[in-house]
Colleague: 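Here you go, one structure.
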There are 2 protein chains.
Amino acid sequence: MSALRRPDGFSNAASGPNWLNTILKGDCVAAMNRLPDASVDIIFADPPYNLQLNGDLHRPDQSKVDAVDDAWDQFDSFEAYDAFTRAWLLAARRVLKPNGTIWVIGSYHNIFRVGAKLQDLGFWILNDIVWRKTNPMPNFRGRRFQNAHETMIWASRDEKAKGYTFNYEAMKAANEDVQMRSDWLFPICTGHERLKDDKGDKLHPTQKPEALLARIMLASSKPGDVVLDPFFGSGTTGAVAKRLGRHFVGIEREQNYIDAALERIEAVKPLGTAELTVLTGKRALPRVAFGSLVDTGLIKAGAMLWDAKRRWSARVRADGTLSIGDEAGSIHKMGAHVQGFDACNGWTFWHYERAGGLTPIDELRRIARLGMEKAGA
Amino acid sequence: MSALRRPDGFSNAASGPNWLNTILKGDCVAAMNRLPDASVDIIFADPPYNLQLNGDLHRPDQSKVDAVDDAWDQFDSFEAYDAFTRAWLLAARRVLKPNGTIWVIGSYHNIFRVGAKLQDLGFWILNDIVWRKTNPMPNFRGRRFQNAHETMIWASRDEKAKGYTFNYEAMKAANEDVQMRSDWLFPICTGHERLKDDKGDKLHPTQKPEALLARIMLASSKPGDVVLDPFFGSGTTGAVAKRLGRHFVGIEREQNYIDAALERIEAVKPLGTAELTVLTGKRALPRVAFGSLVDTGLIKAGAMLWDAKRRWSARVRADGTLSIGDEAGSIHKMGAHVQGFDACNGWTFWHYERAGGLTPIDELRRIARLGMEKAGA
DNA sequence: GTGGTCACTGAATCTTTAC
DNA sequence: GGTAAAGATTCAGTGACCA
């Protein structure tokens with residue numbers, strides 16, 4: 001294992017496998033093949049886009065656009081690009097945990113090929129996410145629409161993997177309490193965040209903004225998770241992972257990018273547990289069994305419950321089930337039963353009498369949780 | 001040709017081929033195969049998204065694909081969808097004019113496969129456009145991001161086809177005078193625009209908003225162009241085409257959709273010629289040789305020209321070239337020369353003295369064009 | 001410090017016509 | 001077909017420098 005020095009500041013510096021929080025040098029497929037099966041929680045991949053640029057492009061002021069013409073972005077054909085994509089996706093799939101997810105970013109030049117190959121290999125697309133750029137480069141010749149976005153695909157390892165991490169509440173809380181949409185707005189990476197070389201030019205042609213990676217990790221990983229980036233480049237994934245209390249594994253071929261990324265990551269200060277808790281949003285609320293409400297006396301065995309319009313009623317039994325005539329079952333089952341539905345949230349369907357009106361039993365659950373907090377549970 | 005009755009209100013009702021402004025009933029590949037080569041200007045296609053093959057899909061040989069519950073595994077399903085996509089894209093490519101363009105809309109379920117196949121068949125992607133929905137359906141389970149957009153691919157027939165229509169200036173003017181971006185914001189189709197069946201339910205599951213089609217046609221077609229929609233459905237393409245002075249050809253298999261679309265299109269009132277006039281830029285104006293300004297006396301041989309800041313000057317020669325010291329050449333060449341650039345627009349770079357100030361020689365070109373108009377040239 | 005000007009820059013599949 | 005010439009074209013920033 002050609003693990004490089006591990007940057008400072010990781011709590012597990014002395015523990016964990018030797019490839020954790022390091023940058024592996026070399027080809028991404030070969031490097032991934034040296035990692036164990038099912039060893040990473042999420043993968044962020046920013047593969048070559050295969051831009052297929054022709055000649056030079058000049059701005060109206062005659063200055064030349066600094067194009068991405070690096071050798072690593074050159075492919076002979078779509079077939080060659082597809083073969084490359086298939087190879088690294090296969091390697092990535094093996095190292096991904098069964099409930100892990102993968103993110104791939106691209107533009108219209110490559111993203112359709114990547115998406116099709118993801119599906120071919122059995123990955124299951126969860127969302128396509130549009131990164132809308134606040135400040136994209138214009139279309140200088142006025143021959144197309146301004147290319148103002150890039151596309152990310154978020155996919156689970158396979159269709160049956162339902163246990164992937166999605167911090168729904170955290171995303172909602174971060175989005176003014178409405179669901180986070182599939183279109184995200186961020187500036188491109190400029191200013192001081194953009195790494196520069198000795199001459200003051202951009203170090204890497206396609207450095208991604210940290211805000212983008214932060215949202216990805218906050219949405220789809222937990223503190224302590226391992227994030228793999230097979231096209232590590234300037235190390236944005238590693239920097240954000242360290243700040244957010246995740247572990248990273250980077251793979252990169254070029255030594256100058258590795259050096260810059262290590263230095264960058266070492267300078268990152270991890271957030272404290274308290275700050276991370278805030279970012280993670282609402283903690284998962286403790287589950288409350290309806291029966292425990294009976295046990296603790298919040299509601300008494302024998303009490304009557306109604307739906308909001310008093311069309312149906314049920315009696316609370318000592319074991320925490322409801323009975324209606326001869327039938328009995330959980331609050332959910334019985335709510336579904338009377339309505340003729342397959343499913344029902346009994347907490348919001350059933351109500352109890354209080355001060356002459358009806359109150360959802362969810363209120364009792366809330367009270368029960370307050371009691372659990374006080375108890376330090 | 002199984003052309004149906006042509007809706008009223010088309011100026012060419014008595015002329016044009018018999019398939020113009022009609023809906024062809026049947027399979028889209030078979031129907032397109034009955035149209036002539038290179039006969040349509042743009043194609044808008046909203047193919048089935050459904051990868052479960054529930055009866056909507058046919059193989060290229062017209063045999064029906066078995067429904068979902070059968071032994072078709074995922075890979076076979078994707079293969080069948082790819083074959084279907086390839087078949088209709090090939091047929092579409094033949095009927096598209098050399099400088100025509102195609103729009104395909106889809107979601108993450110199918111758009112990656114469609115995009116890859118477009119590239120495989122030689123189409124050249126110009127943009128991918130994101131339709132951001134103002135009012136998307138929420139994600140009810142809270143297990144993914146709200147799927148708040150759909151993706152459109154805009155492609156020319158092949159890489160070398162540079163003569164496609166793109167009304168850049170009109171799009172820019174419609175967007176607060178900055179160039180139109182690749183992310184568009186529109187509501188989904190609801191309210192009175194949404195066609196209803198006898199029971200008041202939505203007639204078609206995926207009726208697209210007219211605003212979306214309007215932007216597509218205003219951006220990439222001219223009045224009088226022919227717009228083909230091989231998955232016509234409720235006829236949004238036809239309705240918008242008629243309103244915007246374009247011709248349509250629709251293909252649809254289900255008679256109830258055809259009936260509804262015909263009725264809908266007949267009710268549309270076309271806009272007048274004046275309202276349809278498209279803002280054009282300098283590209284559309286007649287060319288003027290600088291020498292002709294000298295010939296007509298708008299500027300005199302021997303006159304001096306300066307750049308806007310009077311850093312450089314040049315002398316007009318009788319043949320319409322400029323001289324600076326020993327060097328001479330066109331207004332463009334000399335403008336580039338003094339600045340050390342490869343290229344320069346001499347019309348806006350060089351200025352002449354008027355009323356004590358400097359005016360671009362482009363003003364003289366404008367005057368010359370006015371004279372050409374009066375002369376009826 | 002403040003404000004104004006100017007130079008520079010970003011994953012880019014970026015022209016049209018005449019000869 | 002190719003080559004050469006004409007001529008059309010940019011948005012949201014950041015940062016340096018100067019008054």
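A note on names: the letters A, B, ... follow the listed sequences, proteins ahead of strands, and every chain is numbered from 1.
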Colleague: Where does DNA chain C pair, written as one dot-bracket string 5' to 3', with Watson-Crick or G-U pairs under 3.5 Å, ( ) inside the strand, [ ] for crossing pairs and | for another strand?
Modeller: .|||||||||....|||||
Colleague: I need the residues from residues 312-331 of chain B with at least one non-hydrogen atom less than 4.0 Å from DNA chain D; give them sorted by number, or say none.
Modeller: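 When residues 312-331 of chain B is checked for heavy atoms under 4.0 Å from DNA chain D, the hits, listed by number, are B/S330.
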Colleague: Mind checking ring pair (Phe, Tyr, Trp, His ring centres under 6.0 Å) for B/F145 and listing every partner two or more places apart, or none if nothing turns up?
Modeller: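 Ring pair (Phe, Tyr, Trp, His ring centres under 6.0 Å) list for B/F145, sorted by chain: A/W154, A/F166, A/W184.
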Colleague: For A/G55, report the nucleic acid contact type (base, sugar-phosphate, nothing); a contact means any heavy atom under 4.0 Å.
Modeller: base
Colleague: Atom pairs, N/O to N/O, protein against nucleotides 1-4 of chain D, distance under 3.5 Å?
Modeller:
none

Colleague: Table please: side-chain donor-acceptor pairs of residues 290-299 of chain B below 3.5 Å, with sequence neighbours left out.
Modeller:
unit_1	atom_1	unit_2	atom_2	d
B/S292	OG	B/A289	O	2.6
B/T296	OG1	B/S292	O	2.9
B/T296	OG1	B/L293	O	3.4

Colleague: When you compare C/dT13 with D/dA5, how far apart are their P atoms, in angstrom units rounded to a whole number?
Modeller: 29 Å
Colleague: Contact class for A/D70 (heavy atom, under 4.0 Å): base, sugar-phosphate, or nothing?
Modeller: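 Nothing, no heavy atom under 4.0 Å.
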Colleague: Treating primed atoms plus P, OP1 and OP2 as sugar-phosphate and everything else as base, which nucleotides of nucleotides 8-14 of chain D get B, S or - for protein heavy atoms under 4.0 Å?
Modeller: BBBBS-S
Colleague: Is B/N175 touching bases, backbone alone, or none of the nucleic acid, heavy atoms closer than 4.0 Å?
Modeller: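 Touches nothing.
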Colleague: Name the nucleic acid region contacted by A/T206, choosing base, sugar-phosphate or nothing; use a 4.0 angstrom heavy-atom cut-off, strictly under.
Modeller: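 Base, at least one base atom sits under 4.0 Å.
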Colleague: Roughly how far, to the nearest 0.5 Å, is OH of A/Y108 from CD1 of B/I111?
Modeller: 15.0 Å
Colleague: With sequence neighbours left out, what residues match A/Y257 under ring pair (Phe, Tyr, Trp, His ring centres under 6.0 Å)?
Modeller: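 Per chain and number, A/Y257 pairs via ring pair (Phe, Tyr, Trp, His ring centres under 6.0 Å) with A/H204.
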Colleague: For C/dG1 and D/dC18, measure between their C1' atoms and round to the nearest Å.
Modeller: 14 Å
Colleague: What residue pairs, at least two apart or across chains, pass side-chain hydrogen bond (donor to acceptor under 3.5 Å, both in side chains) with a residue in residues 116-128 of chain B?
Modeller: A/R113-B/Q119, A/R113-B/D120, A/H149-B/D128
Colleague: More than 12 heavy atoms of other residues, nucleotides or ligands under 6.0 Å from CG of A/D61: is that the case?
Modeller: yes
Colleague: Which side-chain hydrogen bond (donor to acceptor under 3.5 Å, both in side chains) pairs, counting each pair once, include a residue from residues 325-338 of chain B, with sequence neighbours left out?
Modeller: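 Matches after skipping sequence neighbours: none remain.
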Colleague: Assign each of A/N50 and A/I188 to its nearest nucleotide of DNA chain C by heavy atoms, then name whichever residue's nucleotide is nearer the 5' end.
Modeller: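 The residue closer to the strand's 5' end, by nearest nucleotide, is A/I188.
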Colleague: With heavy atoms of chain B within less than 4.0 Å as the criterion, where does contact along DNA chain C begin and end?
Modeller: C/dT13 to C/dT17
Colleague: Can you tell whether the side chains of A/K208 and A/D46 come within less than 4.0 Å, N to carboxylate O?
Modeller: yes
Colleague: Side chain to side chain contact (heavy atoms under 4.5 Å, CB included) with B/N175: which residues, sequence neighbours excluded?
Modeller: B/V178, B/M180
Colleague: Distance check needed: D/dG7 C1' versus B/I361 CD1, whole Å only.
Modeller: 12 Å
Colleague: Taking any heavy-atom pair under 4.0 Å as a contact, classify A/W131: base, sugar-phosphate, or nothing.
Modeller: nothing
Colleague: Rounding to the closest angstrom, what is the interatomic distance between D/dG7 and C/dC14 at atom P?
Modeller: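 Result for the P pair: 23 Å, nearest Å.
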Colleague: Between B/D183 and B/R181, is there a side-chain N and carboxylate O pair less than 4.0 Å apart?
Modeller: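 Counted as a salt bridge, because a side-chain N and a carboxylate O are separated by less than 4.0 Å.
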Colleague: Taking only residues at least two apart or on different chains, which pairs with a member in residues 277-286 of chain B satisfy side-chain hydrogen bond (donor to acceptor under 3.5 Å, both in side chains)?
Modeller: B/K282-B/D362
Colleague: Below the 4.0 Å mark, does D/dA6 have OP1 or OP2 next to a side-chain nitrogen or oxygen of B/H332?
Modeller: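 So the side chain of B/H332 is outside the cut-off, no N or O lying under 4.0 Å from OP1 or OP2 of D/dA6.
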Colleague: If the P atom of D/dA8 is compared with that of C/dG10, how far apart are they to the nearest Å?
Modeller: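 Rounded to whole Å, the distance is 29 Å.
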Colleague: Specify the separation, in whole Å, of atom CG of B/D342 and atom P of D/dG7.
Modeller: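 B/D342 atom CG is separated from D/dG7 atom P by 18 Å.
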Colleague: Quick one: label A/P209 by what it contacts on the DNA or RNA (base, sugar-phosphate, nothing), any heavy atom closer than 4.0 Å.
Modeller: nothing
